[in-house]
Protein chains: 2
Amino acid sequence: MSATSPPWAIPLDAASALPVYMQVAQGLEQRIVSGDLRRGSALPAERELAAGLHVSRVTVRQALALLAQQGLLTRKHGSGTFVTPPTPEERPSRTLGLLSSFSDDVRSRGQTPGARVLGFEHTRPSPQEAMSLALSPGEKVYRVRRLRTSDGEPLAVEDSTLPAALVGRLGHADVTDASLYALLATRGLNPVRAIRHLRAVSADLTLAELLGLAPGAALLATERVSWTRGGRPVEYARAHYRGDRYDFVMELHGDGE
Amino acid sequence: MSATSPPWAIPLDAASALPVYMQVAQGLEQRIVSGDLRRGSALPAERELAAGLHVSRVTVRQALALLAQQGLLTRKHGSGTFVTPPTPEERPSRTLGLLSSFSDDVRSRGQTPGARVLGFEHTRPSPQEAMSLALSPGEKVYRVRRLRTSDGEPLAVEDSTLPAALVGRLGHADVTDASLYALLATRGLNPVRAIRHLRAVSADLTLAELLGLAPGAALLATERVSWTRGGRPVEYARAHYRGDRYDFVMELHGDGE
DNA sequence: TAGTGGTCTAGACCACGTC
DNA sequence: ACGTGGTCTAGACCACTAA
């Protein structure tokens, strides 16, 4: 007798309105959250799953891709597919409301901040940059793209734009250190106020590559404009943080009622 | 002569280390951002693209999926694939730092907030809920899942948990209106302080369905605990906002230096 | 070397929109 | 009725990991 039902069988209904790959994903997700599949344990190979469920390997992969993107599964090329272990790495936290630098944040958690300069330009601003920094026509900017790391692990890609006329001469060597805010401080340009936007986006090929993620992974995107005490914009920064390793924390208060 | 190079040809290198579908995605992305493909215009059909590029339709679809997830392309079943028009809908903004409700936020932008109750329970808390609300063992909670809308459009899924003993008797009818904070206020339980976490996650099948998104879309996930003036936790809320329609805004200040 | 996931093919049929 | 994207198949070969 050839029993064709493996122990991890998932009930599939070909006539259902729900596509088969979603049914497979739901079935696996249920076994994961119920603890049926232990954290860190390996799933059957894709070909084995396909054969056992009587579906094609493509369909199985479509299901696994869904769960991998949510972080429930971790796929390792040449090795296997595993149920993601619980909190494999501590998730850093940043307390907002106060104007602090990336470097200080990372240090306050006992980790070592780092930065790798990916690009350094002295050019004309984009329309977006010109508007955010209130630049007069023709005024040039410094633009720096850096990979921010914590204990050597990629955490964010940050693009900073500074008005050249305001900050004075800047060289590639000036931005290799971790903190741009510290650099500004030495020139008497401490930011005292900033407005920051946060939203969620999917990683494109470039960001995914830099951050060591799969394309399409969820990222926390921020956009920030900082002003000096005199009310002059000194920095326009856009950053993309890994959604799986970073979370922002803030404290909110009522209106004093 | 049969020239096999359509006007939208993309240079492909089969020997490249970069997979073909990524090359296709990059090529299309470049034509989109360069304005070569106008916003709102339709792309060639998948079968046509595949034939023109001499690759399989599966490979083309893999490339289109990448760009669609980033929001560059919009796919319409039965109709076609289009370059996403610029800001098809105004992106709402929420100013943080002040303790305000979802309803007030939406109203302050001139839109109409709404809520559809998806679930209402009176049960024992999860370990996570019990810890966040500082509940004594055995104490029960009300749990409400609501779909929050703006002008009728799904914007977020919010799961709120309230200590039953503190808020008093609650019925399904009490939570059908938009504002839970307003309800608490009528019982003398105005929150005056809250801590909120923000991070980015990928939509699972359930959230994608509720918010009208493709599975895997980027969501802004928030977690919030609110306290009354007396320091008692009154609400533990988890919300998932559409990444493409919502962005958080906050103002930051220096430490008074 | 053997097994795994990653990529790719050339089809097929279904579900949806539009005409 | 027709064209579109959505799903699914049964293979194939490559790239990586581990024994």
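Side-chain atoms are counted along with the backbone in the values below, which use heavy atoms only and exclude waters and symmetry mates. Letters A, B, ... are given to chains in the order of the sequence lines, protein chains preceding strands, and every chain is numbered from 1.
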Q: Answer yes when A:R143 and A:E129 have at least one side-chain N-carboxylate O distance shorter than 4.0 Å, and no when they do not.
A: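 Yes, A:R143 and A:E129 are salt-bridged.
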Q: Expressed in angstrom and rounded to an integer, what is the separation of B:L12 atom CG from C:dC8 atom P?
A: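 Rounded to whole Å, this separation is 10 Å.
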Q: Taking only N and O in the side chain of A:R61, is any of them less than 4.0 Å away from OP1 or OP2 of C:dG6?
A: yes
Q: If the sugar-phosphate is the primed atoms plus P, OP1 and OP2 and the base is the rest, what is the B/S/- string for nucleotides 9-19 of chain C, using protein heavy atoms under 4.0 Å?
A: BB-BB-BBS--
Q: Could you walk me through whether B:D151 and B:Q111 pass the side chain to side chain donor-acceptor pair (under 3.5 Å) test, one step at a time?
A: CA-CA 6 Å; B:D151 282 353; B:Q111 301 192 298; 3.3 Å; yes
Q: Report the C-alpha separation of B:F248 and B:Y241 in whole Å, then their side-chain angles, then the decisive distance to 0.1 Å, and conclude whether the ring-ring contact (aromatic ring centres under 6.0 Å, His included) test is met.
A: CA-CA 10 Å; B:F248 284 73; B:Y241 295 82; 5.2 Å; yes
Q: What's the CZ-P distance between A:F82 and C:dG3, to the nearest Å?
A: 16 Å
Q: In this structure, how many angstroms lie between the P atom of D:dC2 and the CD atom of B:E48, rounded?
A: 18 Å
Q: Is the shortest distance from a Lys or Arg side-chain nitrogen in B:E121 or B:R145 to a carboxylate oxygen in the other one below 4.0 Å?
A: no
Q: To the nearest Å, give me how far apart NZ (B:K76) and C1' (D:dG3) are.
A: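 Rounded to whole Å, this separation is 16 Å.
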Q: Using only side-chain N and O atoms of B:Y21, determine if any of them is under 4.0 Å from OP1 or OP2 of C:dC8.
A: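 For C:dC8, OP1/OP2 do not have a side-chain N/O of B:Y21 under 4.0 Å.
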Q: Relative to the ring of A:F120, is the ring of A:Y142 parallel (under 30°), tilted (30 to 60°) or perpendicular (over 60°)?
A: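 Rings of A:Y142 and A:F120: parallel, under 30°.
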Q: What is the distance, rounded to the nearest whole Å, between atom CG of B:L49 and atom C1' of C:dC8?
A: 17 Å
Q: Roughly how many Å is it from CD in A:E46 to P in C:dG5, rounded to a whole number?
A: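 To the nearest whole Å, that distance equals 5 Å.
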Q: Find the distance A:Q62:CD to C:dT7:P and express it as a whole number of Å.
A: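 Computing the A:Q62:CD to C:dT7:P distance gives 14 Å.
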Q: Indicate the atoms forming the closest heavy-atom contact of A:G243 with B:R199, along with that distance.
A: O-CB, 4.3 Å
Q: Would you kindly give the CE-to-P distance between B:M22 and D:dC14, to the nearest whole Å?
A: 19 Å
